Amino acid sequence: MPALLEIRGLSAGLRGRRSVTPVVSDVDLDVQAGEILGVVGESGCGKSTLAAAIMRLLVPPQVLQSGSMNFRLADGSYDLAQLPARELRQLRWRQLSYIPQGSMNSLNPVLRVERQMTDTLLQHGLTKAEAHKRSVAALELVNLEPKILESYPHELSGGMRQRVIIAAAVSMRPALIVADELTTALDVVTQRQILQELAAIRDELGATIILITHDMGVVAQIADRVAVMYAGKIAELGTVNGIFEAPLHPYSQGLIGSIPRESGQRVEGLPGEAPSPWKYPGGCRFHPRCPEVFAPCNERIPALLPQKPERRVACHLYDAEVAADA
Amino acid sequence: MPDLLTVENLRQLFGGRNPTQAVDDVSFRLPAEPAIVSLVGESGSGKSTIARIILGLLKPTAGRVLYQGVDILTPDRKWNRRFRSEVQAVFQDPYSVYNPVYKAERVLKLVIRKFGLAKTKADAQEQMEEALRAVDLRPEEVLDRHPHQLSGGQRQRLMLARVYLMRPRLIVADEPVSMIDAGMRASFLNILGDFRDRHGISTLFITHDLSTAMYLGGEIIVLYQGRIMEQGETQTVMRSPLHPYAQLLISSIPTPDPRRRWREDLSAAPLAEISAIVADRANRHRCLFADRCPQVMDRCWEARPALLAPKDPGASHARREVACYLYD
C-alpha cells in the first residue's frame with residue numbers, strides 16, 4: 001500500500017547572512033495510513049523543525065531548502081513542499097492538522113472555547129450550526145462535555161486545555177495529525193488518558209498520527225513505528241517492538257540503554273553532547289560520540305538503508321558495501 | 001543522634017478568603033545516616049511548596065521543620081549560616097539560575113570566596129577542579145565557557161559541583177532532571193547516588209517523574225493534594241503500591257518497553273480533573289482521593305484516613321505507611 005505521506009530528500013535550515021545552517025538534512029520517511037509514528041530524539045535534533053516543515057509552517061529564518069512531500073488523499077496527490085499557499089490553506093485542518101508544542105497555552109484568554117474552536121470551521125465554509133455540532137462531536141472524542149464550549153481557558157485545567165486543542169485539531173476529521181510534544185507538560189495520569197484518547201481517535205477517525213516526542217516511554221506505550229532522529233537526520237526507523245528489542249544504530253542503542261529503570265541497575269548516560277546545527281560534524285553526524293566508530297564514519301555519510309524486515313538504519317556497520325571497502 | 005531533617009505537621013494555606021490548602025498536615029523525616037528520599041506527586045500536590053518551606057524560603061502557616069533537631073527558623077545568625085551551607089538547593093531550570101554575562105567558573109569562585117573555602121588561588125583552583133571531577137565534568141570543558149555554551153545536562157551538573165564545594169549534609173533538589181535530555185538524566189542521578197555513598201550527602205528529591213524516583217531507590221513519599229497518601233521503601237512501593245492513588249499513578253508511568261504497555265484503557269474513564277473541579281474543594285474532612293477512587297467506601301467521605309502502618313502483615317514493611325481505609 002502506498003504511504004499516506006512520502007517524504008523524500010527533505011532539508012530545512014536556518015537562513016543566515018551568507019549560508020543556510022542545516023537543521024533537518026535529507027530526510028526520507030514514509031508515513032503509513034492509519035499508523036501512529038513516533039519521532040524521537042534529544043532536544044535540538046530537528047524533530048520540531050521536521051514537524052513544522054511537513055506543515056509548511058516554518059517561520060523565517062527557518063527555510064525549506066529541498067525535497068518533496070507527497071501527500072496521498074482519495075481525491076489525488078499533493079506535494080506539500082510545492083503546493084501554493086492557497087491550496088495549502090484548503091488542506092490544512094481539513095486533511096492536515098498540527099498541534100504545536102505548548103499550544104495548550106496559546107488559547108486566547110478572553111474568548112470562550114466555542115469561539116476558538118469554531119473559528120477555523122467557519123473559515124472552511126461551515127455554517128454556525130454545523131460548526132457547533134462538529135465541535136461538540138470533537139469534544140466528545142476527548143471526553144469533554146459540551147458545556148466546556150461556554151468556558152474560558154483559565155477555567156480549565158492543563159489537561160482540559162490540551163484536550164480542547166486536540167478536539168479543535170480533529171474537528172474536521174483530518175487524514176494526518178502532527179502532534180509535537182503533546183503531553184510534555186502534563187501529569188502522568190493525564191498524559192496516559194490523553195495518549196489513550198489519541199489512540200482511540202486514530203481508531204475512530206482512521207487518522208494517521210505523527211507524534212513528536214523526547215520521551216521514549218511515550219513512544220513505547222503508544223506508537224506503532226518509531227523514527228529515531230539525531231542531528232537532523234533519521235538514524236533508525238522501524239517498528240516500536242523491533243527497535244526497543246534490538247536497536248541497531250549505536251545511537252538508538254545508547255538512547256534506549258541510558259533510560260533510568262530500576263534502582264541498583266546503574267546505567268550511564270550517553271557520553272558527550274549532541275551537536276548544535278552550527279557544528280554538525282562531517283560524515284556520520286554521530287561519529288564523535290559513537291562507541292563503534294571506524295574508518296569511513298568521519299568521511300562518508302551513511303544512507304538510511306533497509307536492514308531486516310521493517311527496519312532502516314543509517315550506519316556504516318550495517319552497510320555491506322562499506323564493510324567491503326574497509 | 002537527631003534526624004537530619006524532621007518535618008512536623010506542616011500546613012500551608014495560600015490565598016485569603018477562600019484559601020487553597022497546598023500542604024495539609026505533612027510530617028516525615030530524613031534519618032541522620034545519608035539517604036535519598038523522593039517526594040513525588042502531580043502538579044498541585046504541594047511538593048514544591050514543601051521544598052520551599054524546608055529551604056526557609058517560605059514560612060509555613062503551621063508546623064515546623066527541624067534540621068538536626070533545631071527549628072530552621074531559629075533566629076541565630078551563626079546557626080543560620082551553618083544551615084545555609086549545609087543545606088543546598090538545586091532547582092528545575094538549568095537556564096535561569098545562571099547570569100548569562102559571566103563565565104561558568106564564577107558560580108564556583110563566588111562560593112569559594114563567600115564561604116572562605118580557599119586560602120590561596122592555587123587551592124581555589126584545585127577545589128574547583130575536584131568539584132568538577134566529582135560531577136563528571138572536565139574543567140577545560142566548562143570553566144572558561146559562558147552558560148549558553150553549555151548543555152542543560154552540563155549546567156545542572158555544574159550546579160551540583162557548586163553544591164559539592166560546600167560539602168553539604170543535605171541537597172533539596174526540586175525537579176532537577178525534568179529539563180535535561182533523557183540521555184543525560186541517568187548521569188545526573190548517578191551523581192546523587194555517589195554523593196550519598198561516597199560523601200555522605202543526603203538528598204530530598206522532588207519530582208513528578210516516578211521513573212527517576214524508581215531509579216534512585218531509597219524511600220518514597222507519595223503526595224496528593226497536599227497530603228501524604230503512602231510512603232515506604234521506593235522499591236516496595238513501586239512494585240506493590242497499596243493506596244489506590246499510588247496504584248493509579250504508578251500504573252500510568254509510560255514504561256519504555258512496548259511489551260509492557262498500559263493494560264487498562266483510561267480513554268473512556270471519567271475525567272479526574274472534572275470531578276476534582278466539581279467536588280467540594282472546601283470539604284477536606286474526607287479522603288481527598290474519594291471522588292476518583294475505584295474502591296471508594298462510605299467511610300471515605302466521612303473522615304480523613306490517618307497515615308498508618310498497614311494492618312495486613314504481608315504488606316507491612318519497615319516505615320511503610322498508607323492513608324487508606326482499605327488497610328485500616
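Computation of the quantities below employed the complete heavy-atom set of this structure, encompassing side-chain atoms and omitting hydrogens, waters and symmetry-equivalent molecules. Since the structure is predicted, the reported quantities are computational estimates derived from the model, not experimental observations. Here is the naming used below: chain letters follow the sequence lines, and residue numbers restart at 1 for every chain.
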Measuring from [X]:[atom1] to [Y]:[atom2], what's the distance to the nearest 0.5 Å?
| X | Y | atom1 | atom2 | result |
| --- | --- | --- | --- | --- |
| Gln265(A) | Met214(B) | CD | CE | 8.5 Å |
| Met216(A) | Ser211(B) | CE | OG | 13.0 Å |
| Ser251(B) | Arg192(A) | OG | CZ | 4.5 Å |
| Gln235(B) | Glu262(A) | CD | CD | 6.0 Å |

Legend entry - Max heavy-atom pair count under 4.5 Å with chain A, selected residue of Gly153(B), Ser252(B), Gly44(B), Gly217(B):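 Result: the option with the highest number of such pairs is Ser252(B).
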
Inset, instruction - Output, in order, the C-alpha distance, side-chain angles, deciding distance and verdict of salt bridge (Lys or Arg N to Asp or Glu O under 4.0 Å) for Glu273(A) and Arg155(B). - result: CA-CA 12 Å; Glu273(A) 309 284 338; Arg155(B) 274 183 253 200; over 6 Å; no

Does the [X] side chain pair with the main chain of [Y], one donor and one acceptor, at a distance under 3.5 Å?
| X | Y | value |
| --- | --- | --- |
| Arg261(B) | Ala220(A) | yes |
| Asp187(A) | Glu42(B) | no |
| Asp265(B) | Gln196(A) | no |

Inset, instruction - Report yes if some heavy atom in the side chain of Val188(A) is under 4.5 Å from a heavy atom in the side chain of Pro254(B); otherwise report no. - result: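 Touching, per the 4.5 Å side-chain cut-off.
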
So, for [X] and [Y], which heavy atoms are closest and what is the spacing to 0.1 Å?
| X | Y | result |
| --- | --- | --- |
| Pro258(B) | Asn241(A) | CB-OD1, 3.2 Å |
| Asp257(B) | Gln221(A) | O-NE2, 4.4 Å |
| Asn190(B) | Glu268(A) | ND2-OE1, 3.7 Å |

Residue [X] excluded, over 12 heavy atoms near [atom1] under 6.0 Å:
| X | atom1 | value |
| --- | --- | --- |
| Glu245(A) | CD | yes |
| Gln32(A) | CD | yes |
| Gln149(B) | CD | yes |

Inset, instruction - Pick one of side chain, backbone, both or neither for Ala223(A), based on which atoms fall under 4.5 Å of a heavy atom in chain B. - result: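 Backbone only.
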
Inset, instruction - Heavy-atom distances under 4.5 Å only: say whether Ile194(A) touches chain B with side chain, backbone, both or neither. - result: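 The answer is neither part of Ile194(A).
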
Inset, instruction - Under the side chain to side chain contact (heavy atoms under 4.5 Å, CB included) rule, collect the residues that match up with Thr184(A), sequence neighbours excluded. - result: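 Expected list: Glu181(A), His214(A).
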
Inset, instruction - With a 4.5 angstrom heavy-atom cut-off, could you sort out which part of Arg138(B) is near chain A: side chain, backbone, both or neither? - result: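 Nothing of Arg138(B), per the 4.5 Å heavy-atom cut-off to chain A.
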
Inset, instruction - Could you tell me which portion of Leu189(B) (side chain, backbone, both or neither) has an atom closer than 4.5 angstrom to a non-hydrogen atom of chain A? - result: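 Leu189(B) touches chain A through side-chain heavy atoms alone.
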
Legend entry - Distance-only donor-acceptor check, side chains Arg261(A) and Thr255(B), under 3.5 Å: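 Checked: Arg261(A)/Thr255(B) side chains show no N/O donor-acceptor pair below 3.5 Å.
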
Inset, instruction - Heavy-atom pairs under 4.5 Å with chain B are the metric here; pick the option from Val240(A), Leu186(A), Asp215(A) that has the most. - result: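 Maximum pair count with chain B is reached by Val240(A).
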
Inset, instruction - Output, in order, the C-alpha distance, side-chain angles, deciding distance and verdict of side chain to side chain contact (heavy atoms under 4.5 Å, CB included) for Arg185(B) and Ser258(A). - result: CA-CA 8 Å; Arg185(B) 276 183 196 175; Ser258(A) 68; over 6 Å; no

Inset, instruction - Using the side chain to side chain contact (heavy atoms under 4.5 Å, CB included) rule, take Arg266(A) and Tyr215(B) through it: C-alpha gap first, then chi angles, then the decisive distance, then the call. - result: CA-CA 8 Å; Arg266(A) 189 178 169 115; Tyr215(B) 182 69; 3.7 Å; yes

